[in-house]
Amino acid sequence: MIVADRYDPHAIEPKWQARWEADKLYRAPDDDPRPKWYELAMFPYPSGDLHTGHWYHYSGADAHARYMRMQGYNVLYPMGFDAFGLPAENAAIKHGADPAAWTKTNIENFRRQFKMMGSSFDWDREVVTSDPDYYKWTQWWFLQLYNRGLAYRAAAAANWCPGCQTVLANEQVVGGRCERSDDVVERRFLTQWFFRLTAYADELLEFKGIEWPERIRAMQTNWIGRSEGALLRFPVEVDGAVEQLAVFTTRPDTVYGATFMVIAPEHALVDRITTPGQRDAVDAYREAASRQTEIERMSTEKEKTGVFTGGYATNPFNGARVPIWIADYVLVTYGTGAIMAVPAHDQRDFEFATKYALDAIPVFTHPDVDITRPLAAAFSDGLAMVNSGPFDGTPAAEAKARVTAHAEANGIGEGTVNYRVRDWLISRQRYWGAPIPMIHCPEHAIVPVPESDLPVRLPENVTFEPTGQSPLTLIDEWVNVPCPIDGGPARRETDTLDTFMCSSWYQMRYVDPHNPERPFSQALAHKWLPVDQYSGGADHAVMHLLYTRFFWKAARDMGLVEGDEPMLRLFNQGTLLGPDGQKMSKSRGNVVAPDGEVAKHGADAFRCQLMFVGPWDQGGPYNPTGMAGIVRWLHRAWSLVTDHVSFVTAPDSEGARDLRRATHKTIREVSEDAEQFRFNTLISRLMEHSSLMQRARDAGAVDRGAWKEALDATILMMAPLAPHIAEELWARAGNRYSVHVAPWPSFDPALARDEQVEVVLQVNGKVRDRLLLPAEATEADAREAALASPRVQEWLQGKEIRRFIYVPGKLLNLVVS
RNA sequence: GCCGAAGUGGCGGAAUGGCAGACGCGGCGGUCUCAAACACCGCUGGGCUCAAACCCAUGUGGGUUCGAAUCCCACCUUCGGCACCA
């Protein structure tokens, strides 16, 4: 132990990585009596290198997994690769690479870098979503959802990304642009495959029994956008017959104020109600609307425009004749694509009515509004109904219910709930994804591929020319198959599945990753699921994190998993910024390369420095010069083990008691920090304790027992964040391999308690003096000591003490006149 | 506009009703050294031209409280999300 060699991360890190791998130290056995803990970090898309953001995420997740392992849990902490997706295919288009080979190379690189960072994954459970053994089951899931009516094919307005040459789900459109390529998305009417996400919309709002950040829950809740209202039917005369124009409204109580109707330019009724005189204007408006991008059309700054169709509807409540307009502020994709416009009580309708000189009829009274005069703006709240026939005088609080009840009683409409969220569009016109296991037969329409024929393998030797159609359509020998029902000529579905489907169930596959018979066994699912702790970026709030909840609920209803939610606790790490406080990007030149930092200081130092930046959920700027402090600390910890210490045996000495108190306090605080992912303060407490130990050592002989306790505790508490140096020091301190399966140190509250406490003396809330009192001192003792303090006495001159406020062991406030 | 998070030294941050600025970086001074450092020690919010004492200070303005960075109200700023959703 006297070997005073210096801390050299490059000597010890590869050594222990090899040892851990050879020993399968981090394997999670299925047959283990300890309580289970499923720690999951979102798996990466394997592109290029593990970047600093990956390190930031996985350093924290790994530290928590290690902490739980030391707490005595049988920790399942797996890793895999979300390997289907566009970058591989784009590399194929650009450089002629084979997507499978390109992906394989990247995965190997990622795996190497994961090992270099000293992560504690159970690699025996690795899954790769582009592997046929995995996507066989992704296809299987599709068939199960199809069989349960949760997958269907339909024509709808879809988001088309011209850059990616495929449709996208709504969740993948951010501000009118493609989430991946940033191209402006176009709207196309296409027949596509969907998952019936809306079937679970209400349950997805519940978040039953899970601890997820408020931010994510709010984003999902807003995205789902539940609104209660009513569906009302307005009769319309079309070609001599009466049809119903259905509108969704959250304000059925304003129906008497409906002075016109607005339907989306794409609404199916437009052609049939347009009168010959309005035909040219309507056609021109529709043409113009169709040419707009989603971004242009979504702009709220834009002045509202529209055209009268010449058609009229009848208000079913009062028989009023109501003109029907088309306008692009009404979206064909929401509600029924048609609204009743109530200018008096809806600002958008008010603006439209003002522009086109349409009437506004107030149907509520309002204390601040004179409704007998023309309105300056719409007002949404009111006191009681007015201008509403038999409903006049109805208080606002009862208005909606009464109007809705009337509609239902008369067959005019009914109360309903509408959602902003739409079904999940899952088909993609791309190659590098799991083929949708369906066959189109001229005789039998759509026929599922029999489960025994799975997987439907991706063909090789494909030409990757972006045509707007899946490259699979060009491969005749793949496309042409016999119909599973009658063996007649049929064609495969050529679209592939959205890669978010692969990641919707991967946490299930980890529990039984090599099962050739089923996606996973019930027994193992029951043992390991759900995930106890999940971590990943908040950018997946309404994509992956919503989809996997939907998927789980469907799986639950199939009897495959138990419980209502897939991940009990979620933690979102923040975004690590460049040293300049800006988002890291090549163009800004502020990218921190992990390999460089590791080459300079080692993986342990880099991990610690990343976690020392600030609270993990907050992210923040990376400080490369701050690395010096971490490196200094690691050297100090090293020297505590390797430098000479003079020992005595004096367990009752003040020095021994002080050291033990510091050790036990540190254990208490570090444990709390580890539970709550507060790695920055965890490190600062360990730094403080290392410095204290060093001072104790340099001050003279220390008690052998107290020193050994302090040293072992320090090494154990370093292990989650700095696994290599901890393992090395653990061995050098004469302990048994491995520190990473050693029990986390426990603290003794009696030993952590202070013998003396410093009590702050305040006069009228201002600090005037401090006292050192025995920990067991009473309030009376504190008062007596305070009154004896000369400093306090000065401030009491000529004053009368009115009150004493005493916070035991902390503070005494004297309130004076 | 709506929803969410946040504003504290030169910098990252700590303290969530009780000593504001832990820990670290940077800076200043010193020790060791031929010289240095990833070594060690000390100082480091502002004012009062040393110090002590005192005063001021946690985005701004009010309030609650014996006591507020922390709770409440109003406002300003920044970041993230949604955005004509009827």
Side-chain angles (χ1 to χ4, degrees), chain A residues 6-7 174-176 213-223 225 227 229 247-251 254 262 297-302 304 327-331 333-342 345-349 351-352 418-421 538-539 541-542 574-575 577 579 581 600-601 605 609 612-615 617-636 638-639 678 680-688 691 694-695 698 758-770 791 794 802-807 810-816:
Chain A
R6 290 177 59 81
Y7 167 49
V174 179
E214 177 55 35
R215 183 170 49 143
I216 301 295
R217 295 172 48 149
M219 282 166 78
Q220 292 200 351
T221 301
N222 290 342
W223 186 260
S227 47
V247 300
F248 173 73
T249 178
T250 55
R251 295 298 303 276
T254 63
V262 185
R297 187 158 165 183
M298 281 190 326
S299 167
T300 50
E301 264 88 85
K302 199 184 69 171
K304 289 172 185 38
D328 63 6
Y329 80 93
V330 170
L331 309 175
T333 47
Y334 184 77
T336 61
I339 63 163
M340 62 178 204
V342 184
H345 301 293
D346 183 289
Q347 187 58 26
R348 294 158 300 181
D349 298 343
E351 287 166 21
F352 192 83
N418 201 42
Y419 300 92
R420 207 192 78 112
V421 75
D539 44 340
V542 295
T575 308
L577 305 172
K600 271 186 273 182
H601 308 288
Q609 176 60 12
F612 195 57
V613 158
D617 56 351
Q618 211 174 287
Y622 179 72
N623 178 4
T625 57
M627 179 66 91
I630 292 291
V631 170
R632 215 169 272 150
W633 169 56
L634 294 176
H635 278 276
R636 178 174 298 148
W638 182 272
S639 82
R678 292 194 304 224
N680 56 329
T681 51
L682 188 158
I683 291 171
S684 77
R685 293 184 210 288
L686 286 177
M687 285 175 164
E688 280 181 296
S691 299
Q694 180 172 275
R695 280 195 302 275
D698 295 346
E758 191 183 62
V759 174
V760 170
L761 297 182
Q762 295 184 337
V763 178
N764 280 351
K766 296 214 181 247
V767 180
R768 299 304 181 189
D769 203 359
R770 290 133 217 259
R791 305 256 350 267
E794 257 179 66
R802 304 219 138 148
R803 274 174 78 183
F804 290 91
I805 310 275
Y806 183 62
V807 182
K810 276 191 171 168
L811 174 140
L812 180 69
N813 188 12
L814 289 79
V815 186
V816 302

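Chain identifiers are assigned alphabetically (A, B, ...) following the order of the sequence lines, protein sequences preceding nucleic acid strands; residue numbering begins at 1 within each chain.
A/Pro213 comes within 4.0 angstrom of nothing in the nucleic acid, heavy atoms only.
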- Task: Give the dot-bracket string for RNA chain B, reading 5' to 3', where a pair is Watson-Crick or G-U wobble with both distances under 3.5 Å, ( ) marks pairs inside the strand, [ ] marks pairs crossing earlier ones, | marks a partner on another strand, and . marks unpaired.
- Result: (((((((..(((.....[....)))((((((.......))))))(((......)))..(((((..]....))))))))))))....
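Contacts of A/Ala338 classified as side chain to side chain contact (heavy atoms under 4.5 Å, CB included), with partners at least two apart in sequence or in another chain: A/Leu245, A/Val247, A/Ile263, A/His267, A/Thr336. In this view, A/Asn222 satisfies the side chain to side chain contact (heavy atoms under 4.5 Å, CB included) rule with no residue, not counting sequence neighbours. Every side chain to side chain contact (heavy atoms under 4.5 Å, CB included) that A/Gln762 has, sequence neighbours left out, goes to A/Val760, A/Val767, A/Leu811, A/Asn813.
For the pair A/Gln220 and B/G81, the criterion of a side-chain N or O lying under 4.0 Å from OP1 or OP2 is not met. For the OP1/OP2 pair of B/C19 and a distance below 4.0 Å, the side-chain nitrogens and oxygens of A/Arg770 include no atom meeting the criterion. Between A/Lys766 and B/A53 there is no side-chain N or O to OP1 or OP2 distance below 4.0 Å. Within the structure, every side-chain polar atom (N or O) of A/Arg215 is placed at least 4.0 Å from both OP1 and OP2 of B/C82.
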Please output the side-chain donor-acceptor pairs of residues 621-630 of chain A that fall under 3.5 Å, not counting sequence neighbours, one pair per line with the distance.
residue  : atom : partner  : partner atom : Å
A/Tyr622 : OH   : A/Glu597 : OE1          : 3.1
A/Asn623 : OD1  : A/Thr625 : N            : 3.1
A/Asn623 : OD1  : A/Thr625 : OG1          : 2.8
A/Asn623 : OD1  : A/Gly626 : N            : 3.2

- Message: Does the protein touch nucleotides 22-33 of chain B at the base, only the backbone, or not at all? Give it as B, S and - per nucleotide, heavy atoms under 4.0 Å.
- Response: BBSS--------
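Using a 90° window around 0 for the glycosidic torsion, B/G4 falls outside it and is classed as anti.
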